[in-house]
Each structure stands twice: as structure tokens, then as C-alpha cells.
Q: 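After the C-alpha cells below, expect a handful of questions from me.
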Amino acid sequence: MRKVTVIPGDGIGPEVIGSALEVLRAVDAPLEVHRADMGLACYQRTGSYLPQETLDLLEESDAALFGAITSPTTYDPDYRSPLLRLRKAFDLYANVRPVRRPHPTVGLVALDVVIVRENTEGMYTGVERDVPGGVITERLVTRKACERIVDRALSICREEGRKSVTCVHKSNVLRRSDGLFREVFWERVRGSGIEGRELLVDAAAAALVQRPESLECLVTLNLYGDILSDEAAALAGGLGFAPSVNLGESFALFEPTHGSAPDIAGKDRANPVAAILSAAMMLRYLEMDEKAVRIERTVTEAIGRGIRTADAGGRMGTAEFTKRFLELLSSA
Ligand code: ATP
């Protein structure tokens, strides 16, 4: 039995995580599931965005499944994103987003790429300061962070049988910081048995559209990874199909790439597939590969049979989609 903490969060988080939990139950995953609170609704209820009990539960868990949280709309100088705090607390340095078109009839491009994004530094240091006439943002790139993100990308390539890895950077402009990333990439790739390639970030954005088959794994810095993975998700069918994981050395937090989508929250309109696929990724991480494969195959089959929510051109709401998905899963 593996211990898992589930954090539904805000907006559509509880709806899509509810579906994912039903799917986990349906495949009889041997999990001890604990629910925990985090986010805006939690703050309104308890006065804390990230209560200590949640941190304690996570500490004792093998992995976590998280929905989404809504950021406060009014400016609060003391607000620190609970997700960023979790990334720091558990040193979740790699954001891994596999982007695969789940069926040839959705999306625009036949993508099958995994994007490995550095998650702790780059443009997301959050350090900004005023100077006369403007603002300076600090952007941090360390050798250690570059080494471990490249190493992680290489191990993902080995595990998944991906033969090449592409380093995405902008070292023609950011010569020292991105230059360091590029230098470390070539040091680590040499002799790894995986073919190394590189692209400037603007060229990578175009390659995702124009020659997706040439991209197997992208390894990149924080901001580039954020933007490219949303682009890739849109090309492969939309945010409703995009799972992800925040990985550290000894802990992993799985979450759909999409946010809390307050515009459709509580309206039975959310596509739960990204959450379901995130749950499948979690099963694979917990070495329950067969169950993960069964879920992933059912996603492709469901879409092929027209079992779809509105964002994917269907007519079903979240509840009906989940019911039909579970029927298909039980017959698989
Ligand atoms: P947040 O501020 O929490 O990031 P957001 O609405 O700005 O929320 P997303 O939640 O990523 O950003 O969503 C962008 C839009 O995509 C939403 O307005 C919603 O209409 C659509 N969307 C996102 N996720 C889904 C989903 N699972 N199913 C259907 N539509 C979705």
C-alpha cells in the first residue's frame, strides 16, 4: 500500500480530481489516500493558504495528486504562492510535461514530446526591484540546477526509449546564463548514449508546429519551459489533456497543467482527462505501470468513441464523461 496525499484545491480542481480518484478506485490501485487542503478556499476557511497539516501529510506520503489553486485577485504583499512554496519545501526541481496527442482527431499536430523544465530558478526567482524609470528582475541560473535538470532529462529519455534530447536556450543573447546551461548540457550529454541537439527558444517554438516529429525530449529553463509546454499542449489537443509532475529526488507532486479555470468552475464543464492522466503518471511513478497503461489506453479509446467534453468537441459534462469513461475502463 502506498500513501498518497490528494489536494483538490480551487476552481475546477475538486471536479477533475474527483474524476481522477474514481478512476484510481476503478483500477484497484493499492493506495492509502489522504485528502488535504491548500489554496484560496482553504485560506478563506482557515486563514492559511498552505496549512501545516498539509505539509505534514505530504512529508509522510510517497506522492501527491493536486488539482489547481486560484491566486488572490486583490494584491497582498505577503502572498506567496503555496505551489511555489511546495516546490521549494520538497525541492521539486523538475517540471515534467509529457505532451502527446491522445487521438489523431484532436489537436493540430502529431506530437509525442516530453518537456523537462527547470522548476526552481531562472526567471521565477520572484526578485524584482525598482530602479529609476523601471524595474529590474533577477534571473538565476546555477551550474547545480543545470546539471540536475539535464541529468533528469537524460534519465527520462533512457526510461522511455527516447533517442534524442534537445536543449532549448537563448545563449546568443543571454551569453553567460543560458551559455552556462548550454555548456552543462553538452558536458552531460557527451557519452550518455542519447543524441544531443540544441535549438534557440524561438526556433523551438516554430519546430513544435513545423517538425514535431523531430522533437522527442526538450530540456529547458523555467520561463521557456512554461511557455513551450502550453504551446505544445494547445497543439496536442488543449489544456484539458495535459498532465504533469513536479519531481524532486524523493518526492513527486502530480497535477494537470491547467489552472483552476474559475470561468467554468462548478458548471460541470471541465475536462478531467489531464487530471486522470496525471493520476496515471503517478501510478507509473509508484511502479504500478500496468494500471497506468490501462488508464492511458482507455483515454485514447474514449476519445475515439466520441466520449468527450465540450473543449474537445464533445457534448458531455464532467460527470457524464467520467461515468462513460469508467464504463469503458471496466470493459477493458
Ligand atoms: P488560473 O488563474 O488558476 O491559472 P486560468 O483560468 O487563468 O486559471 P487555466 O485554468 O489554465 O487558467 O485555463 C485557461 C482557460 O482554459 C480557462 O478559462 C478554461 O476555459 C480553459 N480550461 C482550462 N482547463 C480546462 C479543462 N480541464 N477543461 C475545459 N476547459 C479548460
Side-chain angles (χ1 to χ4, degrees), residues 50 55 58-59 61-64 66 80-98 113-129 136-160 162 164-201 204 215-229 244-255 257 281 285:
L50 177 54
L55 286 166
L58 289 167
E59 196 76 58
S61 300
D62 296 301
F66 161 67
R80 280 177 62 218
S81 158
L83 197 52
L84 292 185
R85 283 178 58 199
L86 280 190
R87 285 181 186 164
K88 277 240 154 63
F90 292 90
D91 197 20
L92 303 173
Y93 65 87
N95 184 229
V96 180
R97 299 182 176 187
V113 64
V114 58
I115 300 178
V116 183
R117 162 191 171 198
E118 203 291 317
N119 218 8
T120 58
E121 47 187 51
M123 197 65 113
Y124 290 65
T125 52
V127 182
E128 295 190 308
R129 65 193 139 85
I136 288 183
T137 302
E138 275 181 19
R139 180 174 178 279
L140 177 71
V141 178
T142 65
R143 172 168 276 275
K144 182 182 169 215
C146 294
E147 286 174 354
R148 60 185 188 170
I149 200 69
V150 172
D151 288 348
R152 181 59 83 158
L154 290 170
S155 65
I156 289 171
C157 286
R158 274 186 217 104
E159 279 159 26
E160 299 187 3
R162 295 177 187 268
S164 69
V165 57
T166 304
C167 175
V168 177
H169 58 81
K170 191 72 183 172
S171 72
N172 56 336
V173 178
L174 299 162
R175 289 180 184 276
R176 294 184 60 188
S177 51
D178 282 28
L180 173 63
F181 175 51
R182 177 175 179 269
E183 182 185 308
V184 169
F185 172 78
W186 286 112
E187 279 170 21
R188 307 302 262 205
V189 165
R190 219 166 283 131
S192 69
I194 307 290
E195 184 195 337
R197 300 176 184 169
E198 62 182 306
L199 281 174
L200 293 176
V201 61
L215 306 174
E216 292 181 89
C217 175
L218 304 181
V219 62
T220 192
L221 300 175
N222 211 335
L223 178 64
Y224 310 144
D226 193 11
I227 297 169
L228 291 179
S229 53
S244 79
V245 58
N246 297 287
L247 269 180
E249 290 303 344
S250 56
F251 191 70
L253 178 101
F254 295 81
E255 57 163 329
T257 297
M281 277 176 85
Y285 174 81

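This one's a predicted model, so the numbers in the text were calculated from it and none came from an experiment.
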Q: Would you mind reporting whether L223 and R139 have side-chain heavy atoms less than 4.5 Å apart?
A: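 SC-SC contact between R139 and L223 ruled out.
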Q: State, with a plain yes or no, whether a side-chain heavy atom of L83 is found less than 4.5 Å away from one of L253.
A: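 The answer is yes, as the side chains (C-beta and beyond) meet within the 4.5 Å cut-off.
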Q: So, S61 side chain and A64 main chain: donor-acceptor pair closer than 3.5 Å or not?
A: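 Here the side-chain-to-backbone pair does not exist.
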Q: Taking the side chain from R152 and the backbone from G248, do they hold a donor-acceptor pair closer than 3.5 Å?
A: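 Judged by distance alone, yes, a pair lies under 3.5 Å.
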Q: For residues L50 and P82, report the shortest heavy-atom separation together with the two atoms involved.
A: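 Shortest heavy-atom contact: CD2-O, 3.8 Å.
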Q: Rounded to the nearest 0.5 Å, how far apart are CG of L228 and CG of L199?
A: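 L228 atom CG to L199 atom CG measures 9.5 Å (nearest 0.5 Å).
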Q: Taking the side chain as every heavy atom from C-beta outward, state whether D91 and E249 have any pair of such atoms under 4.5 Å apart.
A: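 Contact flag for D91/E249 side chains = no.
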Q: I need the minimum non-hydrogen distance between G122 and N222, along with the two atoms involved.
A: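 That closest heavy-atom pairing would be CA-CB, 4.5 Å.
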Q: Salt bridge or not for E138 and R129, using N-O below 4.0 Å?
A: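 Between R129 and E138 there is a salt bridge, with a charged N closer than 4.0 Å to a carboxylate O.
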Q: Measuring from atom OH of Y124 to atom CG of D226, what distance do you get when rounded to the nearest 0.5 angstrom?
A: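 Here the interatomic distance stands at 3.5 Å.
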Q: In Å, rounded to the nearest 0.5 Å, how long is the span from CZ of R117 to OG1 of T220?
A: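 Here the interatomic distance stands at 9.5 Å.
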Q: Do you know the tightest heavy-atom contact between C217 and V116?
A: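 So the minimum-distance heavy-atom pair works out to SG-CG2, 4.0 Å.
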Q: Listed by chain and number, what are the salt bridge (Lys or Arg N to Asp or Glu O under 4.0 Å) partners of E121, not counting sequence neighbours?
A: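 Counting only residues at least two positions away or on another chain, E121 forms no salt bridge (Lys or Arg N to Asp or Glu O under 4.0 Å).
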Q: Can you confirm whether L200 sits close enough to H169 that some side-chain heavy atom of one is under 4.5 Å from a side-chain heavy atom of the other?
A: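 In short, these two side chains touch, coming nearer than 4.5 Å.
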Q: Return yes if some donor-acceptor pair links the side-chain N/O of S171 with the main-chain N/O of D178 below 3.5 Å, else return no.
A: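 No, because the side chain of S171 does not come within donor-acceptor range (under 3.5 Å) of the backbone of D178.
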Q: Between atom CD of E187 and atom CZ of R143, what is the distance when rounded to the nearest 0.5 Å?
A: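 These two atoms lie 4.5 Å from each other.
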Q: Please give me the minimum heavy-atom distance between I115 and S229, naming the atom from each residue.
A: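 Smallest heavy-atom distance, with atoms named: CD1-CA, 3.6 Å.
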Q: Kindly indicate whether the side chain of Y224, heavy atoms from C-beta on, has any atom under 4.5 Å from the side chain of L218.
A: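 Side chain of Y224 against side chain of L218, heavy atoms only: no contact under 4.5 Å found.
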Q: Working to the nearest 0.5 angstrom, can you tell me the gap between E255 CD and M281 CE?
A: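 Taking CD in E255 and CE in M281, the distance rounds to 10.5 Å.
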Q: Tell me every residue that passes side chain to side chain contact (heavy atoms under 4.5 Å, CB included) with S164, counting only those two or more places apart in sequence or in another chain.
A: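 Applying side chain to side chain contact (heavy atoms under 4.5 Å, CB included) to S164 gives E195, R197, E216.
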Q: Roughly how far, to the nearest 0.5 Å, is CG of L55 from CD of E59?
A: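 Spacing of CD (E59) from CG (L55) equals 8.0 Å.
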Q: Hey, does the side chain of S177 reach the backbone of V141 with a donor-acceptor pair shorter than 3.5 angstrom?
A: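 Such a contact is absent between S177 side chain and V141 backbone.
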Q: Do any N or O atoms from the side chain of N95 and from the backbone of N119 form a donor-acceptor pair under 3.5 angstrom?
A: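 Judged by distance alone, no pair lies under 3.5 Å.
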Q: Taking only residues two or more places apart in sequence or in another chain, which ones pass ring pair (Phe, Tyr, Trp, His ring centres under 6.0 Å) with Y285?
A: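 Residues passing ring pair (Phe, Tyr, Trp, His ring centres under 6.0 Å) with Y285: F254.
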Q: Quick one, R87 and T120 - any side-chain contact, counting heavy atoms below 4.5 Å?
A: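 Result no, sub-4.5 Å side-chain heavy-atom pair not found.
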Q: Applying ring pair (Phe, Tyr, Trp, His ring centres under 6.0 Å), can you list everything that pairs with F251, at least two apart in sequence or on another chain?
A: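 Applying ring pair (Phe, Tyr, Trp, His ring centres under 6.0 Å) to F251 gives F90.
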Q: For R97 versus T257, what's the shortest heavy-atom pair and its separation?
A: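 For R97 and T257, the tightest heavy-atom pair comes out as NH1-CG2, 3.3 Å.
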Q: Going by salt bridge (Lys or Arg N to Asp or Glu O under 4.0 Å), name the residues that satisfy it together with R188, two or more places apart in sequence or in a different chain.
A: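 Listed in chain order: E147, D151.
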Q: Who are the ring pair (Phe, Tyr, Trp, His ring centres under 6.0 Å) partners of F181, not counting sequence neighbours?
A: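 With neighbours one apart ignored, the set is empty.
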